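I have placed the structure first, in the form of structure tokens, so that the comments after it can refer back to it.
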4 protein chains.
Amino acid sequence: MDTLSPTPRPHRPSARRKEARPGELLEAALALFVEKGFAATRVEEVAARAGVSKGTLFLYFPSKEELFKAVVRENASRHLHDAFLEVAEYAGTSAELLHEFIRRWWTQYGGTPAAGLTKLIMSEAANFPDLAQYYQDEVVQPSHELVRRIVQRGIDRGELREVDLTLAAHLIVAPLVQLVTWRFSLAPCCPATLMPDPLALLDMHADMVVRGLRQE
Amino acid sequence: MDTLSPTPRPHRPSARRKEARPGELLEAALALFVEKGFAATRVEEVAARAGVSKGTLFLYFPSKEELFKAVVRENASRHLHDAFLEVAEYAGTSAELLHEFIRRWWTQYGGTPAAGLTKLIMSEAANFPDLAQYYQDEVVQPSHELVRRIVQRGIDRGELREVDLTLAAHLIVAPLVQLVTWRFSLAPCCPATLMPDPLALLDMHADMVVRGLRQE
Amino acid sequence: MDTLSPTPRPHRPSARRKEARPGELLEAALALFVEKGFAATRVEEVAARAGVSKGTLFLYFPSKEELFKAVVRENASRHLHDAFLEVAEYAGTSAELLHEFIRRWWTQYGGTPAAGLTKLIMSEAANFPDLAQYYQDEVVQPSHELVRRIVQRGIDRGELREVDLTLAAHLIVAPLVQLVTWRFSLAPCCPATLMPDPLALLDMHADMVVRGLRQE
Amino acid sequence: MDTLSPTPRPHRPSARRKEARPGELLEAALALFVEKGFAATRVEEVAARAGVSKGTLFLYFPSKEELFKAVVRENASRHLHDAFLEVAEYAGTSAELLHEFIRRWWTQYGGTPAAGLTKLIMSEAANFPDLAQYYQDEVVQPSHELVRRIVQRGIDRGELREVDLTLAAHLIVAPLVQLVTWRFSLAPCCPATLMPDPLALLDMHADMVVRGLRQE
DNA sequence: GATGAATGAGAATTCATTCAT
DNA sequence: GATGAATGAATTCTCATTCAT
């Protein structure tokens, strides 16, 4: 698209490439770090996947470790802000909101390459404790807060029972996290039949949560 | 000494002596592989933690990779056989069985060091596809089969609704797997307050599952 | 413009324009090579200090090594020719000549940035034996010859004892060389108090030489 | 000597080698650093010259830089202490003491491989300012102090004129330092005829110093 | 059996040099 | 002519593996 549309001053090819480099490298690095882990990924592989040479990578990131940190920072907390707004404005029932929330989580994060970040953090937390803390603060905590608000809203509306919000949030989030963890760990190795259809699983999950929490 | 004493179930009599030291090495290796990942763990660390020298490790395991495989094989499918027997013989309600099953899972696996294996497999599946397949066959599949039997038993007894057994099993297992994954990834890095009490979480999970699946 | 104007001694008319920028590069390179050594100096630093880009440097010098050689050739044997003439024409006593020679050496070479060349050659001689030989032939030998002539002149005039000219030249030159070596090695690192005033040192040196060599 | 004398428990060969390793590596490193400079010397060369592999070097020194620092510390201030004692107890004339001091300096340091350290420090001072300071404090300062004492002793005995001790020390030391600098820089590259016989040069130097400083 | 010194293949990083713009 | 992004050969350093004792 970009290459075909006639623009007044199309940046010189090399300039356009230069601007795209970090993004391409981050994308390649995310995929490889997710697949093989930080230590088992060679920077040369990352560079090759991004279509550049080893040396070029170091033009944009001073070390493999900084590349890793940039990958995490780049992919953390992308859509979280929007989700907060939507929940605050939502007008339907809690059952509808939960189904909607979970489905959107899948289309906007869980089903995208960025979801590999979740598995990556799980795998490397002990080797990068500061990043783990960052992820905890920027992604985990806000996500749980969002889910707690959804549940609290249902309680306030008389649709859901009064329950421990923290535990409920963990139980609502767990299958989502589990789904992406599997998507990037066992799923690529093992027969496709083992993985249930994500949307069917998520719909049943939303249904189970609603049944499990509803006021009787 | 050990090799002569008649014990009820000696794994393989001739190998018992040899397995005394390997046991310590496997234990050390499990802990370190879980914490740092396969590539980031140095064999010298494993040996040191087991109280032997680097050379000794290679007396028992021909390579780091074989050590890893032994760790997985040693820790996979420990209590699964017993669980099958117990479910088959269980006499109480489905609600009781689910609570009992989940609680025992925690005391016999989820809360033990062996549970690190789950996180380890998640992290290293792509680097060791044959082990991932082995784990899938020996642990994941049987576990899901066991859970499906529990649900089927509830349906047969008229206590639970008819649901997709595969999806139900995934949703029942997901929070358990998620719990151990966190126990070995973010939990060691981040404030204790973030982790809810495992038993409280698991009890609520069992309760939610029962409410979500019960016949109305 | 420059290339057309007839000047008294244009080095090579056609090359004058080209040599404007190389001059800055050579100056920058001399300073950095002296400070850090050939291998530890990055061409990018040289270019930056000369106010041009890395690529531009290679427009004027085909390689880092050629740049180094140009630095040496540029700075070797600058004032030697004049000194020979002055000694030949000198009319005063040997004591006056020695004092004068040494003071001029300081103002015209030893105290200038060009003196860094001496330290540079000391440091890199083994890595550039052909340059070392060039320096030996073009600078060291003529300098010693000049000093030998001064001593011979003193002997001929009956002011100085008959001594081994070669040894005397070495002993007269050594403190000069030593002074610039220190100026570019330890002096920049260590408290100024350690460095004696160069002119006081050189005056005492001239005085000691005269006393050491004079006819009794 | 050691290897020939029959000792009760000759260490096992490997143990004897192990103990000798650091020394062999330091010796090899000194020679190569002196010849080519720190940056231009490859650790593999050092290892090869010491008869071991690259990896072995890192068993004894954590980095190339630490190896360099160890080389300097190992070779600095070897014979300085003895020299102080000998000067304090010396009974002869100042002329004899100066000749003796300079001759011994040559046999015990200037003429040995350890003298390369002097050139090495000159070359690398700017890149290792802390080592330069260390050398200044541990070697240069004490050496000059020693020489000042010799001159002061001569003044006290009425043999030498009153002169600036600091300047005198510099002028006495300069040709010695210059001699070793040349020994390890231009001398290996250029025809032997250029280098005067060190002992003849040093004798003339001592003679010139005595003549230059003596009371008239 | 146990040790740990030694090895060397492999990975991260640097930097002189090239070349399209 | 000038630039600086890109390259890849070269170098430091790591660590699984071997083996003599």
Side-chain angles (χ1 to χ4, degrees), chain A residues 11-21 39-47 50-67, chain B residues 17-18 21 38-48 51-68, chain C residues 17-18 21 38-48 51-68, chain D residues 11-21 39-47 50-67:
Chain A
H11 305 297
R12 293 169 303 148
S14 75
R16 202 169 53 233
R17 288 187 84 192
K18 174 180 168 20
E19 284 159 24
R21 284 274 178 272
T41 298
R42 282 175 302 133
V43 292
E44 197 159 14
E45 287 178 280
V46 175
V52 300
S53 76
K54 206 172 15 165
T56 301
L57 187 150
F58 286 96
L59 244 41
Y60 295 96
F61 302 95
S63 71
K64 188 186 178 186
E65 198 159 333
E66 286 304 317
L67 170 64
Chain B
R17 179 96 183 250
K18 268 198 170 176
R21 211 173 273 294
F38 175 77
T41 297
R42 302 212 311 275
V43 292
E44 196 160 16
E45 285 179 282
V46 175
V52 300
S53 76
K54 203 169 23 166
T56 302
L57 187 151
F58 285 93
L59 242 43
Y60 294 98
F61 303 96
S63 72
K64 188 187 181 186
E65 199 158 314
E66 286 304 318
L67 170 64
F68 180 79
Chain C
R17 179 98 182 245
K18 269 198 171 177
R21 210 171 275 295
F38 175 77
T41 297
R42 301 211 311 273
V43 292
E44 195 160 19
E45 286 179 282
V46 176
V52 300
S53 76
K54 202 166 28 163
T56 302
L57 187 151
F58 286 93
L59 243 43
Y60 294 99
F61 303 95
S63 72
K64 187 186 180 185
E65 200 158 316
E66 286 305 317
L67 170 63
F68 180 80
Chain D
H11 306 296
R12 292 170 304 146
S14 76
R16 201 168 56 235
R17 290 188 83 192
K18 173 178 167 27
E19 284 160 23
R21 285 274 178 271
T41 298
R42 283 175 302 135
V43 291
E44 198 159 12
E45 287 178 281
V46 176
V52 299
S53 76
K54 205 178 10 168
T56 300
L57 187 151
F58 287 96
L59 243 41
Y60 296 95
F61 303 95
S63 70
K64 187 185 180 186
E65 198 159 333
E66 285 305 316
L67 171 64

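Since the structure is predicted, the reported quantities are computational estimates derived from the model, not experimental observations. Lettering of chains follows the sequences in order, A, B, ..., and the numbering in each one begins at 1.
With a cut-off of 3.5 Å on both Watson-Crick or G-U wobble distances, the partner of E:dA11 is given as F:dT12. In this structure, F:dT7 and E:dA16 make a Watson-Crick or G-U wobble pair, each of the two defining distances being under 3.5 angstrom. Pair assignment for E:dT21: F:dA2, on the basis of Watson-Crick or G-U wobble contacts that are both within less than 3.5 Å.
Remark: C1' of E:dT14 and CD of C:E44 are 11 Å apart, rounded to the nearest angstrom. Atom pair B:L59:CG and E:dG4:C1' shows a separation of 13 Å (rounding to whole Å applied). The nearest whole Å value for the distance from the CD atom in D:E45 to the P atom in F:dT11 is 8 Å. The separation between D:E66 atom CD and F:dT12 atom P is 15 Å, rounded to whole Å. One can place CZ of B:R42 at 16 Å from P of F:dC13, the figure rounded to the nearest angstrom. In this structure, the NZ atom of D:K54 is 9 Å from the P atom of F:dT12, given to the nearest Å. Protein atom OH of B:Y60 is 5 Å distant from nucleotide atom P of E:dG1, rounded to whole Å. If you measure from atom NZ of B:K64 to atom P of E:dG10, you get 15 Å, rounded to the nearest angstrom.
Under 4.0 angstrom from either OP1 or OP2 of E:dT3 there lies at least one side-chain N or O belonging to B:T56.
With C:E66 contributing its side chain and C:S63 its backbone, the two residues share no donor-acceptor pair below 3.5 Å.
Of all the heavy atoms in D:V43 and D:L57, the pair that sits closest is O-CD1, 3.8 Å. Residues B:A40 and B:E45 come closest through the heavy atom pair O-OE1, 4.1 Å.
Of the candidate nucleotides E:dG4, F:dT7, F:dT17, F:dT17 has the atom lying nearest to any side-chain atom of B:F58. Nearest to the side-chain atoms of B:V43 among the listed nucleotides F:dA16, E:dT7, F:dA2 stands F:dA16.
Atoms NZ and CZ, from B:K64 and B:F38 in turn, are 4.5 Å apart once rounded to the nearest 0.5 Å. A distance of 10.5 Å separates CG of D:L67 from CD of D:E65, quoted to the nearest 0.5 Å.
Map A:A39 and C:E65 each onto its nearest nucleotide of DNA chain E; the residue landing nearer the 5' end is A:A39. With DNA chain F read from its 5' end, the first of the two nearest nucleotides for A:G55 and D:T41 is the one closest to A:G55.
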